[in-house]
Amino acid sequence: MANYVDPSSYSGAFKKEQLSFVQQNASLHDSKFETKPISYLRGCWNRFKKNKGAIVAGIILLMIVAFAIIAPATSSRSTSWYDPQYASVLPKIKGASGFWDGTKKDTISESDFYFQNYYDSEKSPIAEVIEKTTTRNRVMRRDITTYTVRIDTYAIGAKEIKVDPEEFERIVKWEEQTGRTIRLGMVSYQDYVNQYFADLIASDPETYNETNTQQWKNTMNNRYAQNSNIFYKIEQASDGTKLISSLKPVIVDDNIVDLYERDTNGNIITEKTSGGQYVLRADYNVYYEFLYGEECYYVFGANSQGYDIFVRLASGARLSLILGVSVSAINLIIGLIWGSITGYYGGTVDLVMERITDILSSIPFVILATLFQLHLKDKVGPIISLLFAFVVTGWIGVASTTRMQFYRFKNQEYVLASRTLGAKDLRLIFVDILPNALGTLVTSTVLMIPSVIFSESSLSYLNIVNLQTSNITSVGTLLNEGSTFLSSYPHMIMFPALFISLLMISFNLIGNGLRDAFNPTLRGSE
Amino acid sequence: MFKYILKRIGLMIMTFFIIFTICFFLVRALPVSSIGAPGSDAEEIFRRYREALGYNEPLIVQYGNFFVRLFTATDGGNFGYSWNIELLTTPWDLMSSRFPPTVLINIYTMIFSVPIGIGLGIFMALRKNHVEDQVLSVLVMLVISVPSFVYAFLIQYLFCSVGNFPYSTVEAVAKYGGNWFAPEMTASFFLPVLAMSFGTIAGFSRYTRAELTEVLTSDFMLLARTKGLTRTQATIRHAFRNSLVPIFPMILGEFISILSGSIIIESVFAANGVGGLFLESINKRDYDVFLFVGMFYVLIGLVGGLIVDLSYGVVDPRIRMGGKKNG
């Protein structure tokens with residue numbers, strides 16, 4: 001040896017000038033590589049690129065992440081914004097027609113059809129009449145007419161609202177500028193209803209009197225009070241021979257007869273004052289445009305209270321992703337350190353640590369999450385306590401993977417060689433052995449994210465964990481809300497369910513792609 | 001082998017005991033929610049019962065008392081009492097009444113999906129890298145990834161909202177309470193079983209395919225063919241049997257998890273099983289029941305793991321149990 005190194009002076013690595021080639025003057029028989037060397041990570045990336053499924057999944061995942069980040073910014077609505085008037089409206093894309101336009105097909109009775117059709121607002125719920133069917137009912141011996149129509153769930157029509165004088169002035173100004181109408185005529189129905197029943201009793205005193213018409217009268221009054229879209233005269237419907245309890249609009253020469261309040265000059269009154277505020281009968285869709293500057297639409301529909309599912313799903317997605325990524329990162333760090341120590345030193349340390357991991361991994365996660373919620377929720381909040389629950393057992397997988405890798409490599413010749421050259425424990429652990437475990441660890445860390453998201457959504461679906469606050473929601477909570485309205489409003493559950501399925505599928509595909517890329521020998525052996 | 005089993009059982013009991021102790025202290029340290037309005041008779045009764053049964057003692061005394069009661073109680077309260085679900089009913093009684101739906105749903109799922117899953121797996125392995133295999137593999141991948149509750153919602157919507165499926169578990173239980181095998185009762189389990197089957201079928205077919213493809217390429221298969229066996233004979237007699245070595249413990253594990261069931265599927269279909277009881281105990285803060293059901297889940301997990309581990313040695317004697325780890 002040309003250069004002799006005193007072991008006592010060795011400080012971690014040889015210096016270049018201390019070393020010289022063995023074949024310094026001998027001739028070498030192998031030639032230099034023509035190709036460029038490919039680093040380990042480069043090789044992995046090349047293999048990963050070939051996996052089309054994983055690439056597609058990666059793009060989908062990127063889109064989901066973009067949705068979670070961008071969606072709240074593009075929407076003018078916040079997570080806590082809601083409009084109860086638009087409760088349960090169907091998904092609608094701005095300007096769409098025919099599909100995804102907030103309409104649904106429905107079959108309604110003739111009287112319903114009339115009530116839905118005569119709106120004095122810009123929009124009426126009947127977007128399109130598809131078919132009018134008349135069938136003979138043999139039992140009741142009369143024709144029954146039904147309409148198959150497309151109902152526009154966004155057509156709210158008139159709603160009574162209260163505004164302060166300042167806003168009232170702005171409304172009037174806006175109406176002048178745009179030429180549209182928010183203020184619809186006020187309706188006064190009391191006199192008409194009283195008159196109608198007085199006339200009815202007078203027309204047939206033998207059949208009708210105050211007492212037996214009282215029920216009908218109450219019903220009619222309620223109808224007017226509850227539905228501010230009825231601005232016209234209504235009357236008891238008849239089955240051909242006698243009056244029945246259902247109501248229908250009064251139609252004279254194909255026209256309805258309005259009940260607007262009028263002043264002495266015959267002008268329609270459009271507002272009243274009460275306690276310093278203006279009471280309006282507003283065309284709510286137009287009023288919404290006045291408030292927010294654009295037509296109302298909910299891309300993913302609204303939930304039962306009028307919250308925007310699009311914004312809330314994005315918020316839930318963000319929470320899920322942040323939770324998933326941070327849990328994985330924390331677990332990776334803890335598991336790595338723990339696994340390295342147990343794997344490298346072995347012996348008693350290993351035995352004790354294995355018992356501890358054994359115990360921790362035997363506790364079902366649902367019990368752990370519940371206990372953490374019950375104990376810590378009031379102190380640190382539900383999200384942090386859920387995070388703790390995930391971390392307490394989650395690192396075990398990473399630790400055992402690392403440990404296995406250490407058992408595999410720690411007695412191999414190259415490690416022995418490094419040790420002989422004087423490398424310290426830390427160098428052996430982190431420079432010589434750990435990089436071998438990289439592939440497996442990356443894969444298991446990536447695959448941990450969907451499992452965390454799945455657990456989180458399951459737990460919040462089951463209401464064991466309630467992450468809902470005014471600003472935050474979780475996908476599981478959305479699923480829970482939606483499942484209540486599964487039969488009547490499937491859109492409420494469809495989007496969260498679709499989201500979580502897509503997320504799971506793409507994460508699993510990416511995980512598989514990573515595994516194949518990092519460990520080509522494992523390919524195909526699921 | 002016998003010594004190894006004893007050692008494993010001993011370790012299992014120790015693990016269970018430690019988990020129980022941790023959970024016991026964590027649960028008993030929680031604030032109690034009383035029943036009835038403050039000052040009412042119900043609240044007074046509740047308070048006095050707890051006082052009499054020693055729930056107000058220091059935790060360590062309660063812990064000792066628990067074991068005393070466990071072996072000496074004659075009123076059935078060996079595992080504590082239900083407080084908020086049904087006052088002073090024993091957790092054991094509550095749970096045994098909830099067992100049948102859970103167990104039946106899981107047994108039906110297993111009977112239905114394990115053969116289909118294994119069959120699909122064999123088919124895929126034999127047609128490896130053909131179109132059928134590739135299509136099925138993608139499908140299996142997708143089905144495994146989608147969470148089971150999504151299937152549950154989908155099935156419930158298609159069958160109950162669109163299709164008007166006439167049987168619900170809740171109604172069937174009310175009607176045929178005692179008779180768990182009445183035809184309507186069985187029919188009412190159809191939807192939850194279907195929802196659970198997707199994942200199980202996909203899991204088994206993926207696993208079977210992986211195992212069988214590995215065996216099919218091994219040397220002894222070549223030998224079998226060289227001896228003159230037809231492909232079918234070789235596959236059935238040699239390959240399939242050998243691939244069963246890891247599959248059988250998987251079936252066994254599935255069989256044991258029958259008892260714990262799926263909380264979320266039970267919740268979606270309102271099958272009033274053990275999972276439902278567990279949720280109820282959390283929502284109503286009935287801690288003794290929570291502890292009892294929770295410990296039951298822990299025990300199932302531990303025993304299941306042990307039996308699966310031991311069964312490897314039984315199925316394949318080549319796998320030596322308790323051999324020293326090389327390290």
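Chain A is the first sequence line, chain B the second, and so forth, proteins listed ahead of strands; every chain is numbered from 1.
Contact of Arg408(A) with chain B is not made at all, since no heavy-atom distance falls under 4.5 Å. If you measure heavy-atom distances from Ile359(A) to chain B, the contacts under 4.5 Å come from both the backbone and the side chain. For Ile300(B), no part lies under 4.5 angstrom from a heavy atom of chain A. The contact between Leu302(B) and chain A is made entirely by side chain atoms (from C-beta outward), counting heavy-atom distances below 4.5 Å. Of the two parts of Val150(B), only the side chain, counted from C-beta on, holds a non-hydrogen atom closer than 4.5 Å to a non-hydrogen atom of chain A. In this structure, chain B has a heavy atom under 4.5 Å from the side chain of Thr370(A), while its backbone stays farther away.
Among the candidates Val268(B), Val138(B), Val27(B), the residue making the largest number of heavy-atom pairs closer than 4.5 Å to chain A is Val268(B). Contact count versus chain B (heavy atoms, under 4.5 Å) is highest, among Gly53(A), Ala497(A), Ser362(A), Ser483(A), for Ser362(A). Per-residue heavy-atom pair counts under 4.5 Å with chain A were compared for Ser267(B), Ala29(B), Pro147(B), Cys160(B), and the maximum is reached by Pro147(B). By number of non-hydrogen pairs under 4.5 angstrom with chain B, the leading residue of Leu479(A), Asp358(A), Leu498(A) is Leu479(A). If you tally non-hydrogen atom pairs under 4.5 Å between each of Leu360(A), Leu502(A), Ile363(A) and chain B, the highest count goes to Ile363(A).
Atom OH of Tyr63(B) is surrounded by more than 12 heavy atoms from other residues, nucleotides or ligands within 6.0 Å. Counting non-hydrogen atoms of neighbouring residues, nucleotides and ligands closer than 6.0 angstrom, the CE atom of Met404(A) reaches no more than 12 such neighbours.
His375(A) and Leu26(B) make their closest contact through NE2-O, 2.5 Å (heavy atoms, listed as atom of the first residue, atom of the second, distance). Of all non-hydrogen atoms in Ser145(B) and Met504(A), the two that sit nearest each other are O-CB, 3.1 Å. Closest heavy-atom contact between Ser487(A) and Tyr157(B): O-CE1, 4.3 Å.
Interface residues of residues 276-286 of chain B toward chain A, defined by a heavy-atom distance below 4.5 Å and sorted by number: Phe278(B), Leu279(B), Ile282(B), Asn283(B), Arg285(B).
Between Asn508(A) atom CG and Ile144(B) atom CD1 the span is 8.5 Å, to the nearest 0.5 Å. Tyr287(B) contributes atom OH, which lies 9.5 Å from atom CG of Leu371(A) (distance to the nearest 0.5 angstrom).
By the ring-ring contact (aromatic ring centres under 6.0 Å, His included) test, Phe365(A) is found to be paired with Phe390(A), residues two or more places apart in sequence or in another chain being considered. For Gln134(B), there are no side-chain contact (heavy atoms from CB on, under 4.5 Å) partners, not counting sequence neighbours.
Within the structure, every pair that satisfies the ring pair (Phe, Tyr, Trp, His ring centres under 6.0 Å) test and touches residues 447-466 of chain A, not counting sequence neighbours, is listed here: Phe454(A)-Phe149(B), Tyr461(A)-Phe153(B).
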